[in-house]
Number of protein chains: 2
Amino acid sequence: MAVSDHPRMSDVAERAGVSLSTVSRALRGATGVAPSVRENVERAAAELGYVVSRGASGLVTGRTGRIAVLVPFLQPWFFGVALAGMSTEMRSSGRDMLVYQVGDVTELNAYIRSLPLRSNVDAVIAVALDLEEGEAARFDEIGVPVVFCSQRVKDRASVFIDNTEAAADAARHLLNLGHARIAYIQSSDETGFSWASHDRLRGYEAAMAEAGAAPLVVTERPGHEGGALGMGRLLSMADPPTAVFAESDDVAMGALQVVRRSRLEVPDVVSVMGFDDSDMAALADLTTVAQPVFDMGVQAARLAAETIDASEPCSEHVRLDTRLVVRRSTAVPRPTRSLTGR
Amino acid sequence: MAVSDHPRMSDVAERAGVSLSTVSRALRGATGVAPSVRENVERAAAELGYVVSRGASGLVTGRTGRIAVLVPFLQPWFFGVALAGMSTEMRSSGRDMLVYQVGDVTELNAYIRSLPLRSNVDAVIAVALDLEEGEAARFDEIGVPVVFCSQRVKDRASVFIDNTEAAADAARHLLNLGHARIAYIQSSDETGFSWASHDRLRGYEAAMAEAGAAPLVVTERPGHEGGALGMGRLLSMADPPTAVFAESDDVAMGALQVVRRSRLEVPDVVSVMGFDDSDMAALADLTTVAQPVFDMGVQAARLAAETIDASEPCSEHVRLDTRLVVRRSTAVPRPTRSLTGR
DNA sequence: CTGTTAGCGCGTTCAT
DNA sequence: ATGAACGCGCTAACAG
């Protein structure tokens, strides 16, 4: 197979009338190159449409200029936003972003091992992989620094929010509005609960306990389908809750759908609160907890870049703030216990 | 700077008790390696956690095993799904996916040139970049085969749907239901219209003309905000339309929001049709045109892989089918011209 | 400030 | 079926 006919550094050198190493220095922005020469070289490179081969330079420097991002899914809003943040940060630091959809966490181990990471990327960012306490060790054998995004991992570089505190704030908001019967809808699949969900539940429970209110938790499948099912169960209880706090906006949307199809009014009959502030939340006028997903991506990429530049393991923890976004899906509770208030 | 301490191929060779070239052959699945030896080598590599350095092998083969994907945005549903399709296909063909968010198309040219594509990736997939007729030529100078996804480009490998025909089908569905006053909401920003939007408009117009109905087009900013504004304008007309066809689900969602906030019933008062079948559509019970976005990603990645393997330019066109997904946002028109029908 | 030289890790001849 | 030697394009250390 013939080697591709791309221009090489020697072509640029010839055109600029200098030596190979001068081109290398000039293009790399290294010091010790006369400004006029540098300009010449850059022009020659541009005219040839030349770009350095990262493969060749990485062979020497031991750096690839690439960061791998591992996501469980690509489709949900959350990952698109996080990737956008990372992309922005990596663009400014001149690094490239490799994206791998790892899918089911149960096959995570095997998949990670099959990935060409070691000596092919400088760092890995693992996004919302919901690892168990010890599972982070799986990343040790890939021989590349890892930054965790949207999950706090002990003694590892990670970027995260305080799900527990944020959920407690959200629950308190409902309590402060005067709600006493507040349900929490959480989701669970074959893999079990996500850590985020787990932490949010704890925050909800803490706030309820603090207020002397009895917790009411329903568990359904993930996504808006689960939200619809959960709300269905709540609406068929003897004493339906006046407010529902869903684990995520997606779950909340399912809950809202059921309420609206039943022609019950939100928030008159039942208040609904979500978590995420995804793009759907604004559309649906959903009160929710906003988490800075884009910024989490930025910070994760920044942490990765720092780790690479420092060439030593980093275990910095970056906790980002959440904020309650109050919209029209929450209000003071209905006065009576009848669903329609009539 | 010390070279990283990853295991090299020679380490595997030593451990397996064979030579370097045998390891290379075994790991690459080349012929001419005794089965027992191959097994030994693979075990040794696994034990060492060794993976081939693509940089080094690419230096020899001229192939990087990487495909770059260029997207204007990362956040919208569409791109996540398309990337998921590509990711799936690339995983099965053992290639890695580099993702670049190119952002504003106006700076596309400069950005593409700054990207380390030539001799760093084997192919480029450009997703929904909305290029003008001649703009595709910008990709020529990067010296890498390009596949266009979600845009038809003359004489270039591309994967796309027939937006015009799909939109005509959608409009015909509304006409067949008995609607005569059907509006189309399109979006436009500083960059102008997208090609998809443009093509859909043509389909709508053709279907309307065919039925002898007068077209009614409103143009607003992109996204659900534009949909809300557009619907506002339609609802304040002397003779509001009985059906609205939005350029996209996102726009349709904005339109739906306005209708619902006005306490007008969908589809009793006004039918609403979208385009995309995004995840929101199902949630909102929105009738829409489904386009196979995931499959478009798969096909684009497949085309890219074929082009690479054939090592010659490919200009195959892959047209994928759309289908109308009828939900509860469309129905026969209200009997009277009053908005509430009373 | 610039040029010369020696490898980086691997795939591919060509021997054996 | 296996091994030895060469070079892919580039950077780094050194010499000038």
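Each chain gets a letter, A, B and so on, in the order its sequence line appears, and its residues count up from 1.
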*Using the side-chain hydrogen bond (donor to acceptor under 3.5 Å, both in side chains) rule, collect all pairs that involve residues 294-305 of chain A, keeping only residues at least two apart or in two chains.*
A:Gln299-A:Arg302, A:Arg302-A:Glu306
*Is a donor-acceptor pair below 3.5 Å formed from side chain B:Thr61 to base C:dG11, judging by atom type as modelled?*
no
_Inter- and intrachain pairs under side-chain hydrogen bond (donor to acceptor under 3.5 Å, both in side chains), touching residues 144-159 of chain B, at least two apart_ = B:Asp140-B:Arg156
*Partner residues of B:Arg319 under the side-chain hydrogen bond (donor to acceptor under 3.5 Å, both in side chains) criterion, sequence neighbours left out*: none
*Just jot down the salt bridge (charged side-chain N to carboxylate O under 4.0 Å, His left out) partners of B:Asp96, sequence neighbours excluded, or say none.*
B:Arg54
*Provide the full list of side-chain hydrogen bond (donor to acceptor under 3.5 Å, both in side chains) pairs with a residue in residues 80-90 of chain B, sequence neighbours left out, each pair given once.*
none
Solution key, residues 10-17 of chain B side-chain donor-acceptor pairs under 3.5 Å, sequence neighbours excluded:
from	atom 1	to	atom 2	distance (Å)
B:Asp11	OD2	B:Arg8	N	2.7
B:Arg15	NE	B:Glu47	OE1	2.7
B:Arg15	NH2	B:Glu47	OE1	2.9

*Name all residues meeting the side chain to side chain contact (heavy atoms under 4.5 Å, CB included) criterion together with A:Val52; count only those two or more places apart in sequence or in a different chain, and write none if there are none.*
A:Met9, A:Leu27, A:Tyr50
*Between atom CZ in B:Arg8 and atom P in C:dG11, what is the gap in whole Å?*
15 Å
*asked:* Nearest to the A:Val60 side chain among C:dG11, D:dC10, C:dT4, which nucleotide is it?
replied: D:dC10
*Measure the distance from CG on A:Asp11 to P on D:dC8 and round it to the nearest whole Å.*
12 Å
*Select one nucleotide: of C:dG3, D:dT11, C:dG11, the one nearest the side-chain heavy atoms of A:Met9.*
D:dT11
*Return the angle between end axes of the helix from C:dC1-D:dG16 to C:dT16-D:dA1, with five pairs used per end and rounding to 10°.*
30°
*B:Glu14 CD to D:dG3 C1': how many Å, rounded?*
16 Å
*Whole angstrom value for the distance that separates P of D:dC10 from NE2 of A:His6*: 11 Å
*asked:* If you go through the side-chain atoms of B:Ser24, does one of them form a donor-acceptor pair with the base of C:dT12 closer than 3.5 Å?
replied: no
*Which nucleotide in the set D:dT11, D:dG9, C:dC10 lies at the smallest distance from any side-chain heavy atom of B:Leu59?*
D:dG9
*B:Arg28 side chain N/O closer than 4.0 Å to the phosphate oxygens (OP1, OP2) of C:dT12?*
yes
_For A:Asp309, give me all partners under salt bridge (charged side-chain N to carboxylate O under 4.0 Å, His left out), at least two apart in sequence or on another chain._
A:Arg95
*Please report the closest heavy-atom contact between A:Phe79 and A:Leu74, naming both atoms and the distance.*
CB-O, 4.4 Å
*Can you list every pair that meets ring pair (Phe, Tyr, Trp, His ring centres under 6.0 Å) and has a residue in residues 139-158 of chain A, with sequence neighbours left out?*
A:Phe139-A:Phe148
*To the nearest Å, give me how far apart CG (A:Leu20) and P (D:dA13) are.*
17 Å
List, with names and distances, any nitrogen or oxygen atoms from the protein found under 3.5 Å away from nitrogen or oxygen atoms belonging to nucleotides 14-16 of chain C.
none

*Heavy-atom contacts under 4.0 Å between residues 34-49 of chain A and DNA chain D, which residues?*
none
*Can you figure out which of C:dG3, D:dG3, D:dA12 approaches the side chain of A:Ser19 most closely?*
C:dG3
*Is the distance from OP1 or OP2 of C:dC10 to the nearest side-chain N or O of B:Ser57 less than 4.0 Å?*
no
*D:dA4 base to B:Ser21 side chain: any donor-acceptor pair below 3.5 Å?*
yes
_Reading DNA chain C from 5' onward, which residue's closest nucleotide shows up sooner: A:Thr31 or B:Tyr50?_
A:Thr31
*Atom-to-atom span, CZ of A:Arg54 to C1' of D:dC10 - whole angstrom*: 14 Å
*Mapping B:Ser53 and A:Gly32 to their closest nucleotides on DNA chain C, which lands nearer the 5' end?*
A:Gly32
*Can you name the closest pair of heavy atoms from A:Asp122 and A:Gly62 and give their distance?*
OD1-O, 4.3 Å
*asked:* Donor-acceptor pair, distance only, cut-off 3.5 Å: does the side chain of B:Thr307 make one with the backbone of B:Leu303?
replied: yes
